[in-house]
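Read through the structure below, which is laid out as structure tokens, and then see the notes.
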Number of protein chains: 2
Amino acid sequence: MTQTKNNNHEITASEWEVMRIVWTLSGATSHQLIASLSEKMAWQESTIKTLIRRLEEKGFLKREGTSRPFKYLATLSEQEGINLQVDRLFGNLCAMHIGPTLIRLVKQHQLSQADLASLSTVIAEKASTAPVKVACDCLTDCQMEDDGGCQHDQAK
Amino acid sequence: MTQTKNNNHEITASEWEVMRIVWTLSGATSHQLIASLSEKMAWQESTIKTLIRRLEEKGFLKREGTSRPFKYLATLSEQEGINLQVDRLFGNLCAMHIGPTLIRLVKQHQLSQADLASLSTVIAEKASTAPVKVACDCLTDCQMEDDGGCQHDQAK
DNA sequence: GAGTAAAGTTTACATTTGTAAATTAATTTT
DNA sequence: AAAATTAATTTACAAATGTAAACTTTACTC
């Protein structure tokens with residue numbers, strides 16, 4: 001049966017392509033998705049239909065309307081979808097490496113004046129309570145026996 | 001046959017757990033990996049051995065030594081591994097959403113004084129050339145026909 | 001309303017991933 | 001060296017994912 005909530009499911013790479021179009025167009029018909037993705041991804045229309053179905057089953061898309069060319073709508077906003085993916089990734093990174101990673105991302109991507117201003121503010125706010133060093137949290141719960149424990153601290 | 005380069009392969013979620021330990025300990029034996037992960041992840045040792053093998057095949061781990069308790073070493077640094085995952089993700093995000101996403105990440109994670117200082121510098125450097133608005137790049141290459149095109153710009 | 005076109009549903013099938021048992025080979029111990 | 005232990009290799013198998021053909025139903029057109 002078709003899922004309603006997006007219970008623990010993940011949005012896969014292929015499915016993500018579908019979601020992007022849906023978000024960008026604020027909902028889309030299969031026809032629009034096929035037009036866009038068969039070109040961009042070189043997928044057959046069948047493939048795109050399958051992805052739509054799976055996204056419905058996972059609860060990330062729901063259909064709108066009663067007569068046939070249905071419109072498919074996202075059940076979460078694009079930013080929520082992004083947060084989902086980003087949190088899954090950052091939740092599995094060593095705490096020590098997050099700073100350098102964010103610095104690299106900020107360097108690498110184009111940001112607006114407003115984005116930079118917000119970042120500045122947030123950074124200023126954090127400054128007062130920021131630690132001198134962020135500790136590595138990799139082996140906290142997995143008590144290594146005899147061996148030396150976390151080597152991150154020695155690493156240059 | 002066993003791969004040497006990490007040709008286009010991806011590091012999966014389970015495999016990532018193995019890599020984290022290897023990075024943290026600067027290389028590890030299967031025994032160490034089993035000790036740590038069978039506890040943390042509740043995996044059987046067979047499972048961990050399979051993951052080690054797959055990581056070798058994908059070229060992310062290589063074995064060191066000639067006699068039996070081999071040591072497995074990462075073929076890329078932890079930061080390189082992180083960059084790989086992060087770039088894969090950020091390469092599939094709408095350019096317009098990257099700013100808010102980074103702001104959220106900076107808010108959410110603990111950063112050191114040094115991290116914040118570097119971020120400040122980078123932000124200051126970017127300020128002079130930053131655009132007022134980052135354009136949505138979602139539908140550039142997928143020419144939608146009649147329909148309205150990117151709705152991101154209307155989105156609040 | 002019959003025929004055609006479009007949209008949606010079912011079925012399919014190979015690859016990858018998660019998870020692990022069984023087997024073999026090398027080391028260590030007695 | 002035989003026995004026991006540990007490490008590594010093979011084989012296994014279900015679920016998820018990437019990709020798509022075939023089939024069915026609904027809407028549109030003449």
Side-chain angles (χ1 to χ4, degrees), chain A residues 1-3 6-19 22 27-73 85 88 92 145-146, chain B residues 1-3 6-19 22 27-73 85 88 92 145-146:
Chain A
M1 70 226 51
T2 303
Q3 289 276 123
N6 40 20
N7 277 327
N8 58 287
H9 290 295
E10 303 200 0
I11 301 176
T12 72
S14 297
E15 289 164 356
W16 186 257
E17 293 298 326
V18 175
M19 293 303 290
V22 173
T29 61
S30 68
H31 176 258
Q32 288 176 301
L33 291 167
I34 289 166
S36 172
L37 292 168
S38 66
E39 165 122 1
K40 180 175 175 205
M41 299 281 115
W43 285 336
Q44 294 311 114
E45 56 171 276
S46 252
T47 302
I48 296 153
K49 288 173 177 183
T50 298
L51 295 174
I52 294 172
R53 178 178 54 73
R54 287 185 186 161
L55 283 166
E56 273 188 274
E57 286 170 2
K58 291 183 181 182
F60 293 112
L61 282 185
K62 63 169 181 295
R63 56 214 297 183
E64 180 189 61
T66 47
S67 78
R68 213 126 198 232
F70 298 125
K71 190 174 182 182
Y72 296 93
L73 300 177
Q85 308 289 305
R88 190 185 333 281
N92 286 312
E145 332 86 342
D146 42 288
Chain B
M1 69 224 50
T2 303
Q3 290 276 122
N6 39 19
N7 278 327
N8 57 287
H9 289 295
E10 303 199 0
I11 302 176
T12 71
S14 297
E15 289 164 358
W16 186 258
E17 293 298 327
V18 175
M19 293 303 291
V22 172
T29 61
S30 67
H31 176 257
Q32 288 177 300
L33 291 167
I34 289 166
S36 171
L37 292 168
S38 66
E39 165 120 4
K40 180 176 176 205
M41 299 282 114
W43 285 337
Q44 295 310 114
E45 57 172 275
S46 253
T47 301
I48 296 153
K49 287 173 178 181
T50 297
L51 294 173
I52 294 171
R53 178 178 53 75
R54 288 184 185 161
L55 283 165
E56 274 186 275
E57 286 170 0
K58 292 184 180 181
F60 292 113
L61 284 184
K62 64 169 182 294
R63 57 214 296 182
E64 178 190 63
T66 46
S67 75
R68 215 127 199 233
F70 299 125
K71 189 175 183 183
Y72 296 93
L73 301 178
Q85 307 288 308
R88 189 183 335 279
N92 286 311
E145 333 84 343
D146 43 287

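Within every chain, numbering begins at 1; the chains are lettered A, B, ... in the order of the sequence lines, protein sequences first and strands thereafter. For the numbers below, each heavy atom of this structure counts, side chains included, while hydrogens, waters and symmetry mates do not.
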Worksheet item: Considering only heavy atoms and no angle criterion, is a donor-acceptor pair shorter than 3.5 Å present between the side chain of A:Arg68 and the base of C:dA6?
Response: no

Worksheet item: Do you know which two heavy atoms are closest between B:Trp16 and A:Asn92, and how far apart they sit?
Response: NE1-O, 2.7 Å

Worksheet, complete the sentence: The nucleotide from D:dA27, C:dT19, C:dA7 with an atom nearest the side chain of A:Ser67 is D:dA27

Worksheet item: Between D:dA20 and A:Thr47, is there an OP1 or OP2 to side-chain N/O distance shorter than 4.0 Å?
Response: yes

Response to the item:
Regarding the side chain of B:Thr12, the nearest nucleotide among C:dT17, D:dT17, D:dA22 is C:dT17

Worksheet item: How far does NZ of B:Lys49 sit from CD of B:Gln44, to the nearest 0.5 angstrom?
Response: 11.5 Å

Item to complete: Measure from the side-chain heavy atoms of B:Arg53 and tell me the nearest of C:dG8, D:dT10, D:dA20.
Response: D:dT10

Discussion item. Would you say B:Ser14 places a side-chain N or O within less than 4.0 Å of OP1 or OP2 belonging to C:dT19?
Written reply: yes

Worksheet entry | Under 3.5 Å donor-acceptor, A:Ser38 side chain and A:Ile34 backbone | yes

Item to complete: State whether A:Lys58 places a side-chain N or O below 4.0 Å from either non-bridging phosphate oxygen (OP1 or OP2) of D:dT17.
Response: yes

Discussion item. Quick check for you: among C:dG8, D:dT19, C:dT19, whose closest atom lies nearest to any side-chain atom of B:Leu51?
Written reply: C:dT19

Item to complete: Give a yes/no answer on whether the side chain of A:Ser30 brings an N or O atom under 4.0 Å of OP1 or OP2 in C:dG8.
Response: yes

Practice prompt. Specify the separation, in whole Å, of atom NZ of B:Lys40 and atom P of C:dT19.
Written response: 14 Å

Discussion item. From CD of A:Glu56 over to P of C:dG8, roughly how many Å is that when rounded to an integer?
Written reply: 9 Å

Practice prompt. Indicate, yes or no, whether a donor-acceptor pair under 3.5 Å links the base of D:dT19 to the side chain of A:Arg54.
Written response: yes

Practice prompt. Look at B:Tyr72 and D:dA8 and indicate whether a side-chain polar atom (N or O) is within less than 4.0 Å of OP1 or OP2.
Written response: yes

Discussion item. Within the structure provided, determine whether A:Ile48 and A:Glu17 are in side-chain contact (heavy-atom separation under 4.5 Å).
Written reply: no

Worksheet item: What does B:Thr29 touch in the nucleic acid at a heavy-atom separation under 4.0 angstrom: a base, only the sugar-phosphate, or nothing?
Response: nothing

Fill in: Heavy-atom pair of closest approach, residues B:Tyr72 and B:Leu61
CB-CD1, 4.3 Å

Response to the item:
Picking from D:dA8, C:dT9, C:dA21, the nucleotide nearest the side-chain atoms of A:Arg63 would be C:dT9

